[in-house]
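Chain letters run A, B, ... following the sequence lines, proteins first, then strands; residues in each count from 1.
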Protein chains: 2
Amino acid sequence: MKPSVVTIESTGHFCSDCAVRGSAVCASLDAAELRQFEHLGRRVHFASGETVFSEEDITTSFYNVLEGVMRLYKLLPDGRRQIVGFALPGDFLGMNLSGRHNFSADAIGAVTVCQFAKGPFGRFIEDRPQLLRRINELAIRELSQARDHMVLLGRRSADEKVASFLLGWRERLFMLNAPSDTVSLPMSRQDIADYLGLTIETVSRTFTKLERHGAIEIIQGGVSLLDQARVEALAAA
Amino acid sequence: MKPSVVTIESTGHFCSDCAVRGSAVCASLDAAELRQFEHLGRRVHFASGETVFSEEDITTSFYNVLEGVMRLYKLLPDGRRQIVGFALPGDFLGMNLSGRHNFSADAIGAVTVCQFAKGPFGRFIEDRPQLLRRINELAIRELSQARDHMVLLGRRSADEKVASFLLGWRERLFMLNAPSDTVSLPMSRQDIADYLGLTIETVSRTFTKLERHGAIEIIQGGVSLLDQARVEALAAA
DNA sequence: AAATGCGATTGACCCAGATCAATTTTGGTC
DNA sequence: GACCAAAATTGATCTGGGTCAATCGCATTT
C-alpha cells in the first residue's frame with residue numbers, strides 16, 4: 001500500500017518518558033546524552049498498511065519502533081514474498097552497509113516510530129562507543145534470531161512451523177508487556193504464511209487442526225493457548 | 001566429528017603479511033595497532049571434519065578464518081541439520097550476546113584460524129571504536145546475507161535454490177581470489193542439501209539436470225559454469 | 001437489513017520434492 | 001590393483017503441502 005496520510009509531531013515528547021526507553025538503542029544513553037538525543041528524533045505515525053520504507057530505497061533515516069507492529073519483507077521479481085521478521089516496540093531499523101535498505105517495512109495496524117536522519121544520527125554515534133556497542137548488540141541478537149528462523153524455514157514441517165511461531169510470538173509479546181495466554185495476532189494469515197514459508201491455506205488448516213486437537217482456541221484477532229505443553233511438543237523444540 | 005590433532009603455532013607469523021589482512025576485522029587497524037594485535041591472536045590448525053566450536057558451548061574465543069572453509073550449522077534435537085552459512089577466509093566468528101555460541105562450526109578440509117581469547121580481545125576493542133565499527137559492519141553484512149537466505153529457504157524452488165547457490169558461491173570465491181568459471185565445491189552434497197533445505201537426492205538430481213541442459217559440467221570437486229546466463233535465468237534473481 | 005467485499009476456511013485434487021532402495025563412482029589402503 | 005567404505009547418483013514410489021475453487025464470516029456501507 002502506498003503512503004497516504006503521515007502525521008509528524010514536532011514537539012511535546014521526551015525520551016525520558018518514552019515507552020521504549022529501557023529496551024531500545026537509547027537504553028545505552030545517560031540522562032545528559034538523552035537530552036541531546038531528543039532533538040535528533042521525531043515521532044512519526046503511520047496508518048495501517050502504509051509503507052515506512054522500501055527495499056532498495058536509499059537509506060535516509062533510522063527508525064526506532066515506539067508503538068505498533070511492522071512486517072519486514074523481501075519480494076522476488078515475480079511477487080513471491082518472504083517476511084523476514086516482525087518489528088515491535090523497541091526494535092531498531094535501518095542499519096545497512098550499502099546505503100540502501102535491504103528489505104521493505106510496512107505498518108500492520110497503526111504504528112509510531114521515532115525517526116532519525118542518517119547524518120545527524122551518524123555524527124551522534126561517532127564519539128559515543130556505548131551507543132555503537134548497543135547497536136552492535138541489537139544486530140547480533142537479530143543475527144541469532146535470523147539463524148533460528150533459517151532452521152525453521154529449511155528444516156521444519158508445517159505443524160512445527162506454526163507451533164513454533166505461536167510460541168515465539170507469545171514470548172515476544174510477553175517480553176514487551178502483557179503476560180497472557182491469549183496471544184494477539186495483529187498480522188493476517190497471509191503474513192503468517194509468508195513468514196513461515198507456507199501458503200495461507202496451510203496456515204489456516206494448521207490452525208484449525210490445532211484447535212480440533214484442543215491445543216488452541218481461535219479467537220477474534222488472535223488465539224488462546226489452551227494446552228501449551230501440546231503446542232510445545234508440536235514445535236519440537 | 002570429534003577433535004583429534006590440533007596444531008597450534010605460537011610464533012613466526014605476522015599480521016602485516018597475513019592473507020586476510022585487507023578483508024578481515026583487522027582491516028580497521030593501523031600499523032602500530034596491528035603490532036599489538038599480533039600478540040592477541042594465535043594461529044590454530046584444524047583437520048578436515050574437526051569441530052572448531054559447538055552450539056551452546058561457552059564462548060571463550062573469537063575466530064578469524066585464515067585458510068579453508070567451515071560449515072556453520074544448527075541441529076534440531078532429532079538430528080535434522082540446517083547449515084546457516086559457510087565461513088571463508090576473512091570471516092569473523094564468535095560474536096554473540098548470551099556468552100554461548102549459537103551455532104556449531106566445523107572444518108571442511110584443512111582450516112587455519114586466528115584465535116583470540118575473549119577477554120583480551122574484548123579489552124583491546126574497548127578503546128578502539130574503529131574496530132568495533134568494523135565488527136558491526138561485518139555483523140550487518142551477515143544479517144543482510146541471512147535475510148537473503150531466508151528468502152531462498154522459504155520461497156524458492158529446488159532448481160532456483162541450487163542455481164542461486166552456485167552463483168552465490170562462485171561470487172564469494174571470486175571476491176577472495178580466483179576468478180574462474182570453474183567453481184570449486186569443497187563441501188559434500190549433504191552439506192549443500194542442508195544449506196538449501198533440500199535432501200541430498202534432490203541436490204544430486206538438480207546438478208544432473210543442470211548438466212544435461214548444458215548449463216554446467218560436473219567435475220572433480222566442483223562444477224564448471226558452461227552457460228552462466230542459463231544458470232542465472234534458473235536462479236530467477 | 002440487504003448488499004458488498006475481503007479475509008479466512010474448507011474441500012478436491014495435484015505435484016515437487018521426500019523417502020526408500022539399489023547401484024555406481026570415488027578415494028583410500030593394504 | 002584388489003578391496004573396502006563412504007559419497008554420489010539413479011530409479012521407483014509416496015506424501016506433505018501446494019493449487020484451484022467454492023463457500024463462509026464479518027465488518028462496512030447504503
Side-chain angles (χ1 to χ4, degrees), chain A residues 1 47-49 71 76 78-83 108-109 152-166 184-213 216-223 234 236, chain B residues 1 47-49 71 76 78-83 106 108-110 152-166 184-213 216-223 234 236:
Chain A
M1 193 186 281
S48 185
R71 60 177 158 256
L76 290 176
D78 64 2
R80 280 175 288 177
R81 184 177 71 159
Q82 176 66 44
I83 291 186
I108 296 175
L152 178 143
L153 289 171
R155 287 298 180 224
R156 280 168 158 356
S157 70
D159 288 0
E160 290 170 343
K161 284 176 175 182
V162 171
S164 330
F165 166 69
L166 287 177
S184 115
L185 297 174
M187 70 291 285
S188 70
R189 293 288 189 269
Q190 186 63 63
D191 287 339
I192 297 175
D194 287 347
Y195 181 59
L196 300 178
L198 298 170
T199 59
I200 185 176
E201 292 94 333
T202 298
V203 171
S204 184
R205 278 188 253 269
T206 307
F207 270 65
T208 306
K209 196 205 287 187
L210 284 174
E211 190 173 43
R212 266 204 312 274
H213 291 12
I216 65 171
E217 190 191 357
I218 300 170
I219 56 176
Q220 188 46 254
V223 301
L234 275 170
Chain B
M1 191 185 282
S48 185
R71 62 176 157 256
L76 290 176
D78 64 2
R80 280 174 289 177
R81 185 177 70 159
Q82 176 66 44
I83 290 185
D106 42 46
I108 296 175
L152 178 144
L153 289 171
R155 286 299 181 225
R156 283 168 124 72
S157 70
D159 287 2
E160 290 170 342
K161 284 176 175 182
V162 171
S164 333
F165 167 68
L166 287 177
S184 116
L185 298 174
M187 71 292 284
S188 70
R189 293 288 190 269
Q190 185 63 64
D191 288 339
I192 297 175
D194 287 347
Y195 181 58
L196 300 178
L198 298 171
T199 59
I200 185 175
E201 293 94 332
T202 299
V203 171
S204 185
R205 276 188 253 271
T206 307
F207 270 65
T208 306
K209 196 206 285 186
L210 285 173
E211 190 173 44
R212 266 204 313 273
H213 290 14
I216 65 170
E217 189 190 358
I218 299 171
I219 57 176
Q220 189 44 256
V223 301
L234 274 169

**OP:** Check whether any side-chain heavy atom of A/Glu217 lies under 4.5 Å from a side-chain heavy atom of A/Glu211, and answer yes or no.
**Re:** yes

So, does [X] get its side chain near the phosphate of [N], meaning an N or O under 4.0 Å from OP1 or OP2?
| X | N | answer |
| --- | --- | --- |
| A/Gln190 | C/dC6 | no |
| B/Thr199 | C/dG17 | no |
| A/Arg205 | C/dT10 | no |

Any donor-acceptor N/O pair, A/Thr202 side chain to A/Leu198 backbone, under 3.5 Å:
no

Using a heavy-atom cut-off of 4.0 Å across all strands, would you classify [X] as base, sugar-phosphate, or nothing?
| X | answer |
| --- | --- |
| A/Ser204 | base |
| B/Gly221 | nothing |
| B/Glu211 | nothing |

Interatomic distance, [X] [atom1] vs [N] [atom2] [rounded to whole Å]:
| X | N | atom1 | atom2 | value |
| --- | --- | --- | --- | --- |
| A/Leu210 | C/dA8 | CG | P | 16 Å |
| A/Arg189 | C/dT10 | CZ | P | 10 Å |
| B/Glu160 | C/dA16 | CD | P | 13 Å |
| B/Asp159 | C/dC15 | CG | P | 16 Å |
| B/Gln220 | C/dG27 | CD | P | 4 Å |
| B/Arg156 | C/dG17 | CZ | P | 13 Å |
| A/Lys209 | C/dG11 | NZ | C1' | 16 Å |
| B/Arg81 | C/dA18 | CZ | C1' | 17 Å |

Checklist entry - Distance under 6.0 Å and angle within 45° of the ring axis: does A/Arg71 meet both against A/Tyr195? => result no

Per nearest nucleotide of DNA chain C, the residue lying toward the 5' end, A/Arg155 or A/Ile218, is A/Ile218

What one should report as the nearest heavy-atom pair of B/Thr199 and B/Ala193 is C-CB, 3.5 Å

On a heavy-atom basis, the closest approach of B/Phe207 and B/Ile216 is O-CD1, 3.7 Å

*asked:* Between A/Arg155 and B/Asp194, does any side-chain N to carboxylate O distance fall below 4.0 Å?
replied: yes

inquiry  = Between A/Asp191 and A/Arg81, does the side-chain contact (heavy atoms from CB on, under 4.5 Å) criterion hold? Intermediate values first, please.
reply    = CA-CA 9 Å; A/Asp191 287 339; A/Arg81 184 177 71 159; 2.8 Å; yes

Regarding the side chain of A/Glu201, the nearest nucleotide among C/dG27, C/dG11, C/dC20 is C/dG11

In the 5' to 3' direction, the nucleotides of DNA chain D bounding the stretch that comes under 4.0 Å of a heavy atom in chain A are D/dG17 to D/dA27

